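Bear in mind the structure is a predicted one, so any value in this text is a computation, not a measurement. Per chain, numbering begins at 1; letters A, B, ... match sequence-line order.
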Protein chains: 2
Amino acid sequence: MPDSVTSDYFRLLNEIGIIGQLSRTLLEARLPPGFVTAQFSVLNHLVRVGDGRTPLAIARAFQVPKNSMTHSLTVLERAGLIEMRKNPQDGRSKLVFITDAGRTFRADAIDAMAPDIARIAAAFPRDVVARLLPDLERLRKVLDADRDAPE
Amino acid sequence: MPDSVTSDYFRLLNEIGIIGQLSRTLLEARLPPGFVTAQFSVLNHLVRVGDGRTPLAIARAFQVPKNSMTHSLTVLERAGLIEMRKNPQDGRSKLVFITDAGRTFRADAIDAMAPDIARIAAAFPRDVVARLLPDLERLRKVLDADRDAPE
DNA sequence: GCTCCATGGTTCGATATGGAACCAAGATAG
DNA sequence: CTATCTTGGTTCCATATCGAACCATGGAGC
């Protein structure tokens, strides 16, 4: 494979990393003090794909170590944004449920970002967003599948 | 602005965040143990845009607090990958230079990722990459410009 | 010159993240 | 049924990240 191809993929991931960093900063500026993106993302995940999942399943979805997820969930539970229940099917594991407070927290954060989104939308047309979304979803799925069958 | 528009932008940033996380994990698996993406990114930045910049300028380029950059640079200097010199123009600041060892470190890391890139390339065609790059660059520039003139 | 403010970096303390070791509960083999 | 292996989570420790306070130099106003 020629170098130029490698470097195109490399640049792609690089750009995505920078944009991720910039938007993370944007989001954290709108979250209540003391909360970070990782915690919001868990709530968002629970709403989007449904709750009642095990901590390990969530950790895998984010590709983070399970101990990191333990920590995030502890913070969220202390804040009353999620509930951890025993898994009746398996004595080892727990199930994670989002609370009403958690749903409100997520909705508020999204609302709080509206002005930021509006500024971005003014400079970055919606049709470009529409064009990007399917390709990026596909890339995410490729990376997701890749880690399951590595090397 | 209708909700659906906001949610498209929101989903875009969300996808980008996830891809960023997955590719960060990929990169870190290839770095020598103990090194982290942030440190590699600084070296990459110095090669791409040129060295001899101040720590603050680099911190701004990554949109990270200056104390975080102080830490990253300390690690890189201890490892002999960069050099910090006094700025002859300004007694307050320093200038950051990448060493030969630093250039080698960066090149090795990129080489080490080649097999990962190859697997991704097999499932994600190059022309899609080519299509994504200009749009993403534009989005990054929009976000970059936005933080300079916020609110 | 002197005062006041702005800028560039570091330090401190508190939280986040991740690797490794650990423990408990399920699964499997005999 | 026991021995062993695997799986789900937590704990421990080391490093990373970041807000706030701090210090030193530079620059502006007078």
Side-chain angles (χ1 to χ4, degrees), chain A residues 17 20-22 24-43 52-79 81-96 147-148, chain B residues 17 20-22 24-43 52-79 81-96 147-148:
Chain A
Q21 162 70 20
L22 295 176
R24 183 164 36 254
T25 303
L26 223 44
L27 170 62
E28 263 163 36
R30 299 303 184 185
L31 292 180
F35 288 95
V36 298
T37 303
Q39 292 144 14
F40 169 83
S41 297
V42 170
L43 294 180
R53 315 199 164 234
T54 67
L56 191 56
I58 302 172
R60 274 202 272 258
F62 285 104
Q63 180 79 317
V64 312
K66 53 187 182 172
N67 51 356
S68 301
M69 188 51 61
T70 295
H71 177 70
S72 297
L73 295 175
T74 304
V75 171
L76 289 171
E77 190 177 31
R78 269 205 315 259
L81 304 178
I82 61 166
E83 259 183 36
M84 307 269 278
R85 303 184 202 151
K86 293 200 175 302
N87 184 350
Q89 313 304 321
D90 186 337
R92 291 167 298 181
S93 73
K94 301 178 174 177
L95 299 179
V96 181
R147 83 183 138 117
D148 292 331
Chain B
Q21 163 70 19
L22 295 176
R24 183 165 35 256
T25 303
L26 223 44
L27 170 60
E28 262 163 37
R30 299 304 184 183
L31 292 179
F35 287 95
V36 94
T37 303
Q39 291 143 15
F40 170 82
S41 297
V42 170
L43 293 179
R53 314 200 164 232
T54 68
L56 191 55
I58 302 172
R60 275 203 271 258
F62 285 102
Q63 179 80 316
V64 334
K66 53 187 182 172
N67 50 358
S68 301
M69 189 50 62
T70 295
H71 177 71
S72 297
L73 294 175
T74 304
V75 171
L76 289 171
E77 190 177 30
R78 270 206 313 259
L81 304 178
I82 61 166
E83 259 182 37
M84 307 270 278
R85 303 183 201 152
K86 291 198 177 302
N87 184 350
Q89 314 303 322
D90 185 338
R92 291 168 299 181
S93 74
K94 301 178 174 177
L95 298 178
V96 180
R147 84 184 138 116
D148 292 331

Establish, with yes or no, whether the OP1 or OP2 oxygen of D/dG9 is under 4.0 angstrom from a side-chain nitrogen or oxygen of A/T70.
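Checking D/dG9 against A/T70, no side-chain N or O comes under 4.0 Å of OP1 or OP2.
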Contact under 4.0 Å: B/T54 side-chain N or O vs C/dG8 OP1/OP2
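No, outside the criterion.
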Using modelled atom types only, decide if a donor and an acceptor are shared between the side chain of [X] and the backbone of [Y] within a distance under 3.5 Å.
X	Y	result
A/E77	A/T74	no
A/Q21	B/Q63	yes
A/E28	A/T25	no

Give the rounded distance in Å between these two atoms: [atom1] of [X] and [atom2] of [N].
X	N	atom1	atom2	result
A/R53	D/dG8	CZ	P	15 Å
A/R85	D/dG8	CZ	C1'	19 Å
B/H71	C/dA14	NE2	P	18 Å
A/L27	D/dT17	CG	P	18 Å
B/K66	C/dC12	NZ	P	16 Å
B/F40	D/dA16	CZ	P	17 Å
B/L73	C/dG9	CG	P	9 Å
B/M69	C/dT11	CE	P	16 Å

Closest approach to the side chain of [X], judged atom by atom: which nucleotide of [options] is it?
X	options	answer
B/S68	C/dT17, C/dG8, D/dC18	D/dC18
B/M84	D/dA16, C/dT10, D/dG8	C/dT10
B/A38	D/dG19, D/dT17, C/dG9	D/dT17
A/V36	C/dA6, D/dA16, C/dA16	C/dA16

Rounded at 0.5 Å granularity, tell me how far NE2 in A/H71 sits from CD in A/Q39.
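The NE2 atom of A/H71 sits 6.5 Å away from the CD atom of A/Q39.
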Go nucleotide by nucleotide along DNA chain C from the 5' end; which of A/Q89 and A/G34 gets its closest nucleotide reached first?
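Its nucleotide being nearer the 5' end, the pick is A/G34.
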Criterion side chain to side chain contact (heavy atoms under 4.5 Å, CB included) on A/V36 and A/L31, from CA distance to verdict:
CA-CA 7 Å; A/V36 298; A/L31 292 180; 5.7 Å; no
Heavy-atom nearest nucleotide on DNA chain D for A/T25 versus A/L95: which residue maps closer to 5'?
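Of the two residues, A/L95 wins.
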Does a distance-only test, which skips hydrogens and angles, find a donor-acceptor pair under 3.5 Å between the side chain of B/N67 and the base of D/dG19?
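Pair found.
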Go through the N and O atoms of the side chain of A/N87 and the base of D/dG8, and report whether any donor-acceptor pair is under 3.5 Å.
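Answer is no: no donor-acceptor pair is held.
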Categorize A/S93 for me: base, sugar-phosphate, or nothing, with a 4.0 angstrom heavy-atom threshold over every strand shown.
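Result for A/S93 = sugar-phosphate.
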Just call it for B/Q39: base, sugar-phosphate, or nothing, with non-hydrogen atoms closer than 4.0 Å on any strand.
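Sugar-phosphate, no base atom in range.
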